[in-house]
Amino acid sequence: MLLTPPLLRRSLPLLTLLGAGAALAQAAKAPAFNTGDTAWMIVAAALVLFMTPGLAFFYGGLTRSQSVLNTMMMSFVSIGIVLVLWMLGGYSIAFAPGNAFFGNLSAAGFNGLDNAVNGTIPSYVFAAFQAMFAVIALALISGAVVERMRFGAFLLFGGLWSLLIYSPLAHMVWGGGWLGVRGALDFAGGTVIHIAAGVSALVAAFVLGPRIGHGRTAHVPHNVPFVLLGAAILWFGWIGFNAGSALGANQSAALAFMTTCVATAAAMLTWLVWESVRGGKPTAVGAATGLVVGLVAITPACGFVSPWASLVVGIAGATASFWVVQFKQSLRADDALDVFACHGVAGIVGALLTGALAWTTGQGKPVGEQLLIQTEAVLFTVVFCGVGSFILLKLVGLVTALRVTPGQEISGIDISSHSEQGYAESESGLSAPVMIGGD
Amino acid sequence: MLLTPPLLRRSLPLLTLLGAGAALAQAAKAPAFNTGDTAWMIVAAALVLFMTPGLAFFYGGLTRSQSVLNTMMMSFVSIGIVLVLWMLGGYSIAFAPGNAFFGNLSAAGFNGLDNAVNGTIPSYVFAAFQAMFAVIALALISGAVVERMRFGAFLLFGGLWSLLIYSPLAHMVWGGGWLGVRGALDFAGGTVIHIAAGVSALVAAFVLGPRIGHGRTAHVPHNVPFVLLGAAILWFGWIGFNAGSALGANQSAALAFMTTCVATAAAMLTWLVWESVRGGKPTAVGAATGLVVGLVAITPACGFVSPWASLVVGIAGATASFWVVQFKQSLRADDALDVFACHGVAGIVGALLTGALAWTTGQGKPVGEQLLIQTEAVLFTVVFCGVGSFILLKLVGLVTALRVTPGQEISGIDISSHSEQGYAESESGLSAPVMIGGD
Amino acid sequence: MLLTPPLLRRSLPLLTLLGAGAALAQAAKAPAFNTGDTAWMIVAAALVLFMTPGLAFFYGGLTRSQSVLNTMMMSFVSIGIVLVLWMLGGYSIAFAPGNAFFGNLSAAGFNGLDNAVNGTIPSYVFAAFQAMFAVIALALISGAVVERMRFGAFLLFGGLWSLLIYSPLAHMVWGGGWLGVRGALDFAGGTVIHIAAGVSALVAAFVLGPRIGHGRTAHVPHNVPFVLLGAAILWFGWIGFNAGSALGANQSAALAFMTTCVATAAAMLTWLVWESVRGGKPTAVGAATGLVVGLVAITPACGFVSPWASLVVGIAGATASFWVVQFKQSLRADDALDVFACHGVAGIVGALLTGALAWTTGQGKPVGEQLLIQTEAVLFTVVFCGVGSFILLKLVGLVTALRVTPGQEISGIDISSHSEQGYAESESGLSAPVMIGGD
Amino acid sequence: MKLITAVIRPERVQQVKEALFQAGISGLTLSRVSGHGGEQEIIEHYRGTRVMVEFRDKVEVKMAVSEPFVDAAIEAICKSARTGEVGDGKIFVQPLERVIRIRTGEEDNSALTPINEKKLAPVS
Amino acid sequence: MKLITAVIRPERVQQVKEALFQAGISGLTLSRVSGHGGEQEIIEHYRGTRVMVEFRDKVEVKMAVSEPFVDAAIEAICKSARTGEVGDGKIFVQPLERVIRIRTGEEDNSALTPINEKKLAPVS
Amino acid sequence: MKLITAVIRPERVQQVKEALFQAGISGLTLSRVSGHGGEQEIIEHYRGTRVMVEFRDKVEVKMAVSEPFVDAAIEAICKSARTGEVGDGKIFVQPLERVIRIRTGEEDNSALTPINEKKLAPVS
Ligand SMILES: Nc1ncnc2c1ncn2[C@@H]1O[C@H](COP(=O)(O)OP(=O)(O)O)[C@@H](O)[C@H]1O
Ligand SMILES: Nc1ncnc2c1ncn2[C@@H]1O[C@H](COP(=O)(O)OP(=O)(O)O)[C@@H](O)[C@H]1O
Ligand SMILES: Nc1ncnc2c1ncn2[C@@H]1O[C@H](COP(=O)(O)OP(=O)(O)O)[C@@H](O)[C@H]1O
């Protein structure tokens, strides 16, 4: 059985926050397998799995129609490649015992998880839940490189990034590594997922270079309802992401659920208000962006702050992201779908506010000290992921070209990278395709 | 801890319906925190949250493409505004102790819910679950005013409606108010949500006036697959809505789940049969409408009637709605997406049939008496919401114009209210947008 | 109470697989109602319900735009018709006591399920969970007959198929019939659902004849994002399908969840690799197809094999399906959306590999013997469903024409069968529809 | 014979069609086009980017008519498509040498008279 | 030179294209149009509203040809697009004064002969 | 007056539009078309079926101009639309007998000058 202390770290909130009567009594003895917790955690893992296709639609709707499939495929293939790598080694690097930076390979192939229990839930459920976090972290990055990155290069980079950057970082924060030991608070992955992905995305956009015509031609979302659909699926799945990070159906999950709802609603409204204030109109893309930003900002804080504090987190996160987006033209990198502005910036704001507001539920160290630790964790993550992603991309660039050719980019990456188009006119129509073989 | 009797009212079915052996024994003592119930209720709340974006697609697909974003935005912004207001005061008005009509503000800001338990689940989960009902009630109304209501006016009206109409009504039925005390049966919100929204929608359509060209030009759904997607998400989420209203993973939830499935299936088939009988064809919009109508009709009844009775409820609800839709042209109001015919009418049929059929599971008072109480509840709701909404709309109309200008309406409300369009041709295409600033 | 041994058959894995400490102790005594298991199973049933609309999008995106509604409607109406029939008799035929081939009608109308418990969950939840399997089995078949089958004929065939083929087969495998008694392993329905649907689909395609122009004109997916959306919903729902088949929130569910994720990811990658190897590009339709095929292949095996073995199942299933698809042109039948190649073939591979790999978790009989039993079950299913569907279709063909007219087929089945179109140009546009009456 | 091509506002298609019918012209071919002329551009906003749409949706109506119908057609279009605001569109008249009805092979004027299947009436 | 414009049924595009190729014409420009002529309207139903679609999907095929090809083109289109039902469409022939190939600046007849990149063959 | 119809690559619409403006031509009507000429086909793959797309997306730009503008227009289009690769498109020039501005009823040359509402400037 793999029930070693590091694996329990993520369930700590459970122990400290548990509520009334009976529940407390139960928590006092060693945690035992519990069907209610297991039921919730299977569902939570399924919800997080569903987030990545949601992201595919959020991103896919924002690109032009000739690139929609490539954009979506980067999310879908992230599920494929990360799940397999997670089994082969990623899980072990993140959660097996090891040193301060990464775990050893003793749990490779999910060795030792069979019939084991982690806290109150089966170890397989824990491993699957964590797998979904690894999946979406990679998928998030893809938003920065849409319409121009070679699919093979993304696959190679993605696999390496997941094993060499994501898994070690997860180990450092949740798997028994130094950041967790230092006391950095990250309830559901603000640092590990959002700051990491946001910074890596910015670096990737920088290394790849801007899209052709960037800054002159406008890139207009081809299907805003898809953006809204994606945002809705993300919110729905994020309940699993945040409340599931309590690792059980307990008071901590209940708090995380509530703060997630409040912060997200507040962030959506905040974004719309800023748009109106700036002389524009409240937009649908703005509502979708605002709500996703709110989800990002509350992620590290959700189990640590009160509902009132979550209101603050949502408003602050949305405000920060909004203004970074407004001035993104001055950034040298063409972060096409604003991954850095949405996930990086809101993630950093959320991580810092977690430190500043954890007192509202009586958790964490004294505010000053906790804030210092949070800042340290943020800075470390920015540097680690920034430098790491830069090196990986340069390495991948040695093996294969990172970008498609300009011609392929102009006519849309879907045809050149996937030999297919997102939408077909009716077959009897103009661009009537002619069959040339059963392949 | 906020565990006062009124808050328990909604969990009453739990106590009366509990099944075999062990479960009964457990129910005998005071209910304690239970992970299984909590697991189910977190998921149920998430499912109900997911319904509102589902509604956005159901409604959005039914409008023309130039209004799709405004239609969807009214649902999305309902999530934002109601969740925030629910925290600030809506929850307290609905569920805090108070008089027969509304609760006091003792639970404003979710005061006192931290670590508290409501029945067998954390109070935060109860509050969040109820929040989602408040959200969708408002979003439902938006279907009547699409393509012409100013976005700001909708926001203002929506906020007031939620606080001054929805929350008091919820208090009267579930929060310890007079309707609940009288013994009105409403398992999952047929009265509180569907009749209330349906009637308010009709009033709003009347106050706003018809769309330009209503009755002459046809308004054809621009994307029927979106309608089906929305209907599917609604059904999926409605499992949480109905079975979740048992407030636990118990026999009552099981019954509600089963009756929800049977009634909805029957209603879908009924609608298709009526379409065929009337000389037309069974349509996809009809299937989607029929299933939603079935969900509405079974909502008040789902935990109170047997599967056989639910078949009756589904067939009756769909039949009533179908015929009201056929004669809607003779209504003076342009209830664009048939909110009244679908939610109001089916809600009323469901509420009355709940009274007539609760004996099938041995619940409720004697049929005659129960029917009387149900009728009373229906009539009160119709008058309360009808008059209340009328007054609110007139008040809002004093502050701001309710409608966009005719020119804006003809060219589509999306451009004028949100400065964006739902679908863009490829950027290299005809309507190639030109960037004019990083704004 | 209906708690007879046959009904427990599907919960057997629960008893044999239960994990650590406390859980085992609990399993030792007779299973009692458990809220955690109930919570999970309600959600699992809801997830499986959501799969069928997912299938509607998976299939709908693959057809041409003039047939999208008919394609989707066949899935939606399957929900309607099967749920009602399941209550009237299907459930009883499948799960009531009876002989080796079908159950008697003692549980018709869900007689006896009220307040009853099946294993650790309410009987209604069990019946609803199983209902969703019956629904999707029929919906799967529709993929083979798209763009040409009369809607009424599909309804009639579907109702008969569900009662006379699906329910008996479910009885034979899970309801106490001879295949289950022989020891055939089918964790979540590889035989009962996927092989049955795949073979019936092939027969239906054969009986109906090919689409006009099949083999000459190309049928290109009209909306690939819909295909991806459908695939994503299918995967999400399949968690309920596979892990739910453990009938509780236990170690068996945890294992099934994990193997489902690993096999599906591996199958998606496998399909993309084969596409690339064959000189093409990795496509989005390929990714969607690969992941669905992986889900199919792991279905019978998911609770019986280790994660390593699930990797093998995913790769083998995708490989087999891929190559059958490549040579489908040589099949005489026009199985339009490759139901046989995806569900039939992958289902057979999965069923056989279940026999070959069940030892990896120490379940099943000795490999050779188990393989023989699996082969027998597969062969029986192929013959039973093949011959049965053929007879049913011929019978239906006596009552009503099976196909629409060639003219209707060419101009798209949506207009002729449903009097509506999937997508409308803006009303002020070219094909401006003119209202001719309130019906 | 002349080929008349009119570029009009999409919201006026219905009126133009009816006016043409009254003038005795019922053979038409329409297509969606995008026009650029004197109209003001539309501004859209997407996440911090301000975008200008220079082309407006228009509908092109094309009809082949014999000489006596040319003026009637132009007048019908002008009356039914005019709003008085910039952007009402243009009418172009071009020479047309031959017209062939594919179904019968008939040429020229006899190719221009439509043979009706049975028709339905809209609500008025 | 003439500009030939044919309005045909969408399901006949493939046949017309092949017939034109055999007649030696391979430079074409197509567009989706909506036609109104003698055909019956389509009725659709949406939740209690009966709706009539008066315009039918058609495809417009436009080709510039030099004089000797005019009759061949017309014949090819008529043969390949004819079903005999109302709604088969029309062919219009207009005078064409100049043609310029943008790539080279070549004018008139020499602008009409396509220069082929390598081509693929369909299954037959 | 002439009616100039140019078939161009979609990615060149912006450049062509600007070149035409500089040549003093600002009344345009565009439509999406599909072209077939000398270009190679695109191959797509869908689940074991190889498919060939023979037609390429093009944009048709139509403008009515008075005689003095014809050559300027042709030159502007040729310069701005040329890439040198097969598929750059063609320009067709046809006679135009009458032009009517629907809004005012003005005819011919006076119908061709656009009256501007206020305009916005793109970023350069
Ligand atoms: N010279 C032209 N050639 C072709 N189309 C034109 C020309 N001038 C205008 N158009 C078309 O007519 C439409 C309306 O023209 P515009 O100048 O905006 O308004 P108005 O005709 O009322 O002055 C334009 O959108 C364009 O489609
Ligand atoms: N006078 C016309 N001018 C332009 N297009 C026409 C004209 N008459 C017919 N058409 C086009 O030809 C199509 C077929 O014409 P229709 O009268 O329906 O059938 P048929 O040519 O077989 O008699 C119409 O849908 C329309 O697009
Ligand atoms: N004879 C023609 N009639 C009408 N359109 C033509 C003709 N020839 C070419 N075109 C159009 O011009 C486009 C480009 O022609 P193509 O022969 O491919 O290239 P190029 O003009 O560079 O030789 C085609 O896609 C088609 O739309």
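Order of the sequence lines fixes the chain letters, A, B, ..., with proteins taken first and strands second; residue numbering starts at 1 for each chain. The model shown is predicted, which means the values in this text are computed figures rather than measured ones. Quick note: numbers below take in every heavy atom, side chains included, and nothing from hydrogens, waters or symmetry partners.
With a threshold of 4.5 angstrom between heavy atoms, C/Lys328 approaches chain F through side-chain atoms but not through N, CA, C or O.
Counted within 6.0 Å of CD on F/Glu97, heavy atoms from surrounding residues, nucleotides or ligands total more than 12; the atom is thus considered enclosed. In the displayed structure, C/Phe206 atom CZ is contacted under 6.0 Å by at most 12 heavy atoms of other residues, nucleotides or ligands.
Interface remark: of the candidates C/Leu62, C/Asp338, C/Val285, C/Asp338 forms the most heavy-atom pairs closer than 4.5 Å to chain F.
Expressed to the nearest 0.5 Å, how far OG1 of C/Thr283 lies from CZ of F/Arg47 amounts to 9.5 Å.
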